[in-house]
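Contents: one structure, followed by commentary.
Given the structure is predicted, the values throughout are model-derived calculations rather than measurements.
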Amino acid sequence: MHLQFISRNKVDNVIFILSIFIAIIPFSAIIKYISFYANFIFILIIIVSIFLHIKKVFIPLWILNTVSLLLIILPFLSSSVEDIILPSIEALTLILSIRFLGRKTSREYFQIYLLSVLLLGGSSLFNMSWIFFIRIFLMLIFTVFAILLLTYIRETKEEFINSKRFLNILKVAFTISIVSIPLSALFFIILPRTPVPLMNIGLSKTKSGFSSNVNLGSVSMIEEDRSILMRVSIKKFPEEVLYWRVITFDKFDGKNWQKTLSRLVKSNVYGEKINYTVTLEPTTEHYLPALDFPSNIYMRNVSYEYPGIYKTNFSIEKTLKYNAISFINYKIQELYIQDEYLQIPPGLSHNIVNLTQKITTGASTEKAVVEKILKFLSGYKYSLKNLPKGDNPVEDFLFKKKSGNCEYFATTMALMLRIKGIPSRVVGGFKGGTYNSFGNYYIVRASDAHLWVEAWINGQWIRFDPSGKIPRPVEPVIFHLIDYLWNSIVVDYDVRAQMKLAKSIKTPHINFNRKVFILPLALIIIFIIIKSYKYILKRKNPLNKFFDIMKKHGFEKQSNQGLEEFISTIKDTAIKEKAKIFIKEYEEIYFQDKKFKKEDLKKLKELLKDIK
């Protein structure tokens, strides 16, 4: 006997709570992408629905349908035709929450589960990190458990569920979820996929760390963004090699750097070639970072914009992966140097010109000029706070603040070089990275964004970093290994990987000797025949048929019960009397060692038909 563990009313509460969890799982995945009002309405409705569930008050269906219609229309009022994905996700979120306000039968609960699954699928448009897999697994367990409870309570009509049965249902839900993982893996392997986003979902969010425009004096303080921008699978290099090139600026108007030169500029690069793979988060606009100096990037729909600069022909809105080749210890030579590299903004302060002439006094070579400028700037302080502002940010940096971030150091050095007649340009990208020895890759963060200078000296471009050595926090890398494995297995698994896997699967060559298998095969066939014969005899036995019929009536004979004892436990008087008659007829034949004749079997069959 098992104790009454949970009543029917409490089971309804459990199903309701499970449904809340099922809805919140996909909501947690899209909460930072949808609008404030959608988040607010969803949370408010869920709270109200809990209150209504406790009070057993439910809003009529016609009111819910009317409100749902309004909430569906609302997200689309402020969106364009091209941007329909986000409003659709918001509408789906609101419809899901509305389902909690009405009376909930199995039908309504199934609607909630279906909407939750659709919402979780929609969230994959925004993010496909390994946490997505955790959400799927949790949602699977909760959903299967809720459906099993729903089915059990509706079918059995029992007032209570004992603890053993309740735990069995939970075990079945967990088992189904575990068993579904290999099947999911199979679908993951065979379903077609693409290495680039399937659609432009029209998201527009502010990116920190990198910008294709440099605007000095626009902010007084920069807050470091520690989010991961890219992971680069490559061997470990010395710190001085780790410059990740993204964009080159050639024109400065006194406050803004711009890139005006085109791909028509030709250059020759020499050095040691390095192959590597970049997993890039969508934070660099259209540009593809690569180890300085990149030679080529292998990915579809990528265009070559300028020597060392590559960009995609589509908006990067999802994690992207590409292979690249770069030169290290390189030499860059261009056929001719553009006039833009000597451009100085009109109305440049005489103070800056005079200072440049002063600090480079006595420098007879280009290299000597560079060394004097670097030495002068080494006396300035690197800082992200209290940055120079105003109409003359470089002058403020040099004569007032005497501290700034890499934008001020690089701009000042490039300007001074141009004043001295040395062609120069500013390069935007990232510097450094944390090496993860467990996965053999670099983690580059948005806070690693950096500007440095290239000067044309002795017929080639040479890199200089006037910001000096920027302190980097030491961080534990073991915790990033899960991210790396997820990206390697899931994000990297594309059409090419599918083809490679398919080609690697070969039909094994087996030397088949039929004689070896004849004896075991014959034994198996004999075993099957014997078992089948016994099964048929068992099924033909009238007593076994009697037990089957009684079981359908709800009376099952225990192994330790005799026939008479079993008959005495039957509570239904009519069935009990008929069972007695059958058993009496059966025992008269069986216990007197008589053979079952055809007429005996026919009589027993008629009695069994009467019991049915």
Original post:
Would you find a donor on one side and an acceptor on the other, under 3.5 Å apart, between the side chain of His53 and the backbone of Phe58?
Top reply: no
Original post:
Does Phe42 have its ring centroid less than 6.0 Å away from the ring centroid of Phe27?
Top reply: yes
Subject >> Tyr37 side chain near Glu90 side chain, heavy-atom distance below 4.5 Å >> reply: yes
Subject >> Distance (rounded to the nearest 0.5 Å) between Lys578 NZ and Asp610 CG >> reply: 4.0 Å
**OP:** Please answer whether the main-chain N or O of Leu604 pairs with a side-chain N or O of Glu585 as donor and acceptor at a distance below 3.5 Å.
**Re:** no
Original post:
Any idea which heavy atoms bring Ser28 and Arg135 closest together, and the distance?
Top reply: OG-NE, 3.1 Å
Original post:
For the residue pair Phe582 and Phe546, does the interplanar ring angle fall in the parallel (under 30°), tilted (30 to 60°) or perpendicular (over 60°) class?
Top reply: parallel
Subject >> Leu96 to Ser116 - nearest heavy-atom pair and separation >> reply: CD1-OG, 3.6 Å
Original post:
Should Phe16 and Tyr109 count as side-chain neighbours, where that means a heavy-atom distance under 4.5 Å?
Top reply: yes
Subject >> Side chain Lys104, main chain Gly102, donor-acceptor under 3.5 Å >> reply: yes
Original post:
What's the shortest heavy-atom distance between Ala38 and Ile34, and which atoms?
Top reply: CB-CD1, 3.9 Å
Subject >> Leu119 CG to Leu92 CG distance, which is reported to the nearest 0.5 Å >> reply: 5.0 Å
**OP:** Answer yes or no: is there a donor N or O on one side and an acceptor on the other, between the side chain of Thr143 and the main chain of Leu140, under 3.5 Å?
**Re:** no
Original post:
How many angstroms lie between atom CG of Leu150 and atom OG of Ser106, to the nearest 0.5 angstrom?
Top reply: 4.5 Å
**OP:** Starting at CG of Leu288, measure out to CD1 of Ile297 and round the result to the nearest 0.5 Å.
**Re:** 4.5 Å
Original post:
Any side-chain heavy atom of Val232 sitting closer than 4.5 Å to one from Val278?
Top reply: yes
Subject >> Minimum side-chain heavy-atom gap Met550-Ile575 below 4.5 Å >> reply: yes
Original post:
Under a 4.5 Å cut-off applied to non-hydrogen side-chain atoms, are Leu138 and Ile134 in contact?
Top reply: yes
Original post:
Which of parallel (below 30°), tilted (30 to 60°) and perpendicular (above 60°) describes Tyr113 and Phe110?
Top reply: perpendicular
Subject >> Heavy-atom check, side chain of Val172 versus side chain of Phe145, under 4.5 Å >> reply: no
Original post:
Are more than 12 heavy atoms from other residues, nucleotides or ligands located less than 6.0 Å from atom NZ of Lys576?
Top reply: yes
**OP:** Check the pair Ile141 / Phe137 against side chain to side chain contact (heavy atoms under 4.5 Å, CB included), numbers first and verdict last.
**Re:** CA-CA 6 Å; Ile141 292 178; Phe137 187 66; 3.5 Å; yes
**OP:** Over all heavy atoms of both residues, which pair between Ser123 and Phe132 is shortest? Give the atoms and the distance, please.
**Re:** OG-CE1, 3.6 Å
Original post:
What heavy-atom pair brings Ala146 and Ile22 nearest, and what distance separates the two atoms?
Top reply: CB-CD1, 4.3 Å
Original post:
Roughly how far apart are Leu543 CG and Ile583 CD1, rounded to 0.5 Å?
Top reply: 5.5 Å
Subject >> Worked verdict on Val57 versus Phe51 for side chain to side chain contact (heavy atoms under 4.5 Å, CB included) >> reply: CA-CA 9 Å; Val57 176; Phe51 176 78; over 6 Å; no
Original post:
Is any NZ, NE, NH1 or NH2 atom of the basic residue among Arg99 and Glu108 found under 4.0 Å from an Asp or Glu carboxylate oxygen of the other?
Top reply: no
Original post:
Could you go step by step and tell me if Leu229 and Arg445 meet the side chain to side chain contact (heavy atoms under 4.5 Å, CB included) rule?
Top reply: CA-CA 5 Å; Leu229 182 131; Arg445 298 183 179 276; 5.8 Å; no
Subject >> Atom pair CZ (Arg103) and CG (Leu64), whose distance is rounded to the nearest 0.5 Å >> reply: 12.0 Å
Subject >> Side chain Asn39, main chain Ile31, donor-acceptor under 3.5 Å >> reply: yes
Subject >> Taking every non-hydrogen atom, the tightest pair across Glu281 and Ile228 >> reply: CG-O, 3.4 Å
**OP:** State, without any angle test, whether Thr277 and Asn323 hold a side-chain donor-acceptor pair at a distance under 3.5 Å.
**Re:** yes
Original post:
Hey, does Leu280 have a side-chain heavy atom less than 4.5 Å from the side chain of Tyr322?
Top reply: yes
Original post:
Under 6.0 Å from the NZ atom of Lys602, do we count more than 12 heavy atoms belonging to anything else shown?
Top reply: no
**OP:** Examine distances only and state if a side-chain atom of Tyr435 and a backbone atom of Ile234 form a donor-acceptor pair shorter than 3.5 Å.
**Re:** yes
Subject >> Stepwise side chain to side chain contact (heavy atoms under 4.5 Å, CB included) check, Asn440 with Ser233 >> reply: CA-CA 6 Å; Asn440 299 322; Ser233 299; over 6 Å; no
**OP:** Check whether more than 12 heavy atoms from other residues, nucleotides or ligands sit under 6.0 Å from atom CZ of Phe555, and answer yes or no.
**Re:** yes
Original post:
Any side-chain heavy atom of Leu149 within less than 4.5 Å of one from Leu18?
Top reply: yes
Subject >> Listed once per pair and sorted, the salt bridge (Lys or Arg N to Asp or Glu O under 4.0 Å) pairs that draw on residues 12-23, sequence neighbours left out >> reply: Asp12-Arg154
